Amino acid sequence: MNAIDTDFLSQFNDLPFFSIPQTQRQKLFSHGKLRKVQSGERLIEEGTTEPILLILFEGVCQVRKLAPEHELSQFREVTLRRTLAPAIFGEMSFIESRPHSSSVVATTSCLVWELTSEAFHRFMDGNINLGIAIKRSFTYLIAQRLRETETALAAMLTYQDAVSLKYNDISFDDCSHS
């Protein structure tokens, strides 16, 4: 299943590095591995350090994060977003060589392509300018996600302020039974 035909790849021209020339795209993809995954399979585990880039060609995944409960020593996993194909995951750890900041879990059966950092660097040995262009495109993807996160955070803080104001109007003295 490692061979990916160019007609299949042309479906994903909106992803950051798919606008590269078709021959280069095919060469890059020969350095990765295409695989099917089942619903519930964890594709990326938060905190692991394997720098891997995943492209979701078919299916649906959730991005999940461990979040502290009321007691800071307790954590639970929360879903940050649900993502439909086509999508890219793992780009931050891939660029920084740092632990993954969240987990990615398949919520349907999926077709994914994975590229290790080692394989990417082998590809870059003969294609340094193309490799730099691909990494630059990740910068735009990360910036877009940061904007989305800021918007979501602002909405959440606005909601939190509204709820807080509503409950500040309640007097607990009025609720006491004498």
Side-chain angles (χ1 to χ4, degrees), residues 1-66 77-149 152:
M1 191 188 270
N2 283 338
I4 303 175
D5 70 28
T6 52
D7 289 337
F8 180 79
L9 289 178
S10 67
Q11 300 175 61
F12 303 98
N13 287 328
D14 292 338
L15 291 172
F17 57 75
F18 280 95
S19 60
I20 64 178
Q22 194 172 46
T23 55
Q24 296 292 347
R25 189 184 318 165
Q26 193 69 31
K27 188 174 180 181
L28 172 63
F29 272 82
S30 71
H31 284 79
K33 181 174 76 174
L34 189 64
R35 65 185 182 102
K36 288 190 179 240
V37 297
Q38 300 303 311
S39 178
E41 187 173 337
R42 298 179 86 79
L43 305 174
I44 294 176
E45 186 70 43
E46 180 178 351
T48 60
T49 56
E50 180 185 13
I52 189 167
L53 179 72
L54 294 175
I55 296 181
L56 177 67
F57 281 118
E58 296 172 359
V60 181
C61 289
Q62 288 182 343
V63 177
R64 298 178 182 175
K65 176 97 180 130
L66 289 175
E77 194 171 60
V78 296
T79 299
L80 299 178
R81 73 177 181 273
R82 181 176 173 264
T83 304
L84 307 171
I88 296 176
F89 302 106
E91 71 285 345
M92 289 186 350
S93 292
F94 194 77
I95 291 170
E96 303 182 290
S97 296
R98 294 190 57 196
H100 291 285
S101 61
S102 57
S103 297
V104 176
V105 180
T107 55
T108 65
S109 60
C110 297
L111 180 63
V112 297
W113 177 77
E114 60 184 47
L115 179 68
T116 64
S117 181
E118 181 181 309
F120 181 69
H121 286 98
R122 277 195 312 271
F123 168 77
M124 279 185 47
D125 283 345
N127 303 282
I128 191 71
N129 290 335
L130 189 57
I132 291 169
I134 290 169
K135 282 196 168 187
R136 186 180 308 127
S137 69
F138 290 154
T139 304
Y140 296 115
L141 176 65
I142 292 168
Q144 175 188 355
R145 288 186 178 166
L146 178 58
R147 283 186 181 87
E148 292 168 359
T149 300

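What you are looking at is a predicted structure, and each value in this text was computed from that prediction instead of being measured.
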Kindly indicate whether the side chain of [X], heavy atoms from C-beta on, has any atom under 4.5 Å from the side chain of [Y].
{"X": "Arg42", "Y": "Val104", "value": "no"}
{"X": "Glu114", "Y": "Leu53", "value": "no"}
{"X": "Leu56", "Y": "Leu111", "value": "no"}

So does [Y] get a backbone contact from the side chain of [X], meaning a donor-acceptor N/O pair under 3.5 Å?
{"X": "Glu46", "Y": "Leu66", "result": "yes"}
{"X": "Thr79", "Y": "Gln62", "result": "no"}
{"X": "Ser93", "Y": "Arg98", "result": "yes"}
{"X": "Lys65", "Y": "Leu80", "result": "no"}
{"X": "Ser117", "Y": "Pro51", "result": "no"}

- Item | Within 6.0 Å of CD in Glu96, more than 12 heavy atoms from elsewhere | yes
- Message: Looking at Met124, I'd like to know if its CE atom is crowded, meaning that more than 12 non-hydrogen atoms belonging to other residues, nucleotides or ligands lie closer than 6.0 Å.
- Response: yes
- Message: For Phe89 and Ile44: C-alpha separation, side-chain torsions, deciding distance, then whether side chain to side chain contact (heavy atoms under 4.5 Å, CB included) applies.
- Response: CA-CA 8 Å; Phe89 302 106; Ile44 294 176; 4.0 Å; yes
Checking [X] now: which residues fulfil salt bridge (charged side-chain N to carboxylate O under 4.0 Å, His left out) with it, not counting sequence neighbours?
{"X": "Glu118", "value": "Arg122"}
{"X": "Lys27", "value": "none"}
{"X": "Glu50", "value": "none"}

- Message: To the closest 0.5 Å, what do you measure between CD1 (Ile88) and OG1 (Thr83)?
- Response: 11.5 Å
I need the minimum non-hydrogen distance between [X] and [Y], along with the two atoms involved.
{"X": "Phe57", "Y": "Leu34", "value": "CD1-CD1, 3.8 Å"}
{"X": "Ile52", "Y": "Phe94", "value": "C-CD1, 3.8 Å"}
{"X": "Val112", "Y": "Val37", "value": "CG2-CG1, 4.2 Å"}
{"X": "Arg64", "Y": "Ser102", "value": "O-CB, 3.1 Å"}
{"X": "Phe120", "Y": "Leu28", "value": "CD1-CD1, 4.3 Å"}

- Apply side chain to side chain contact (heavy atoms under 4.5 Å, CB included) to Glu41 and Lys36, showing your working. CA-CA 10 Å; Glu41 187 173 337; Lys36 288 190 179 240; over 6 Å; no
- Item | Criterion side chain to side chain contact (heavy atoms under 4.5 Å, CB included) on Cys61 and Cys110, from CA distance to verdict | CA-CA 8 Å; Cys61 289; Cys110 297; 4.0 Å; yes
- Is the Phe123 ring parallel, tilted or perpendicular to the His31 ring (thresholds 30°, 60°)? perpendicular
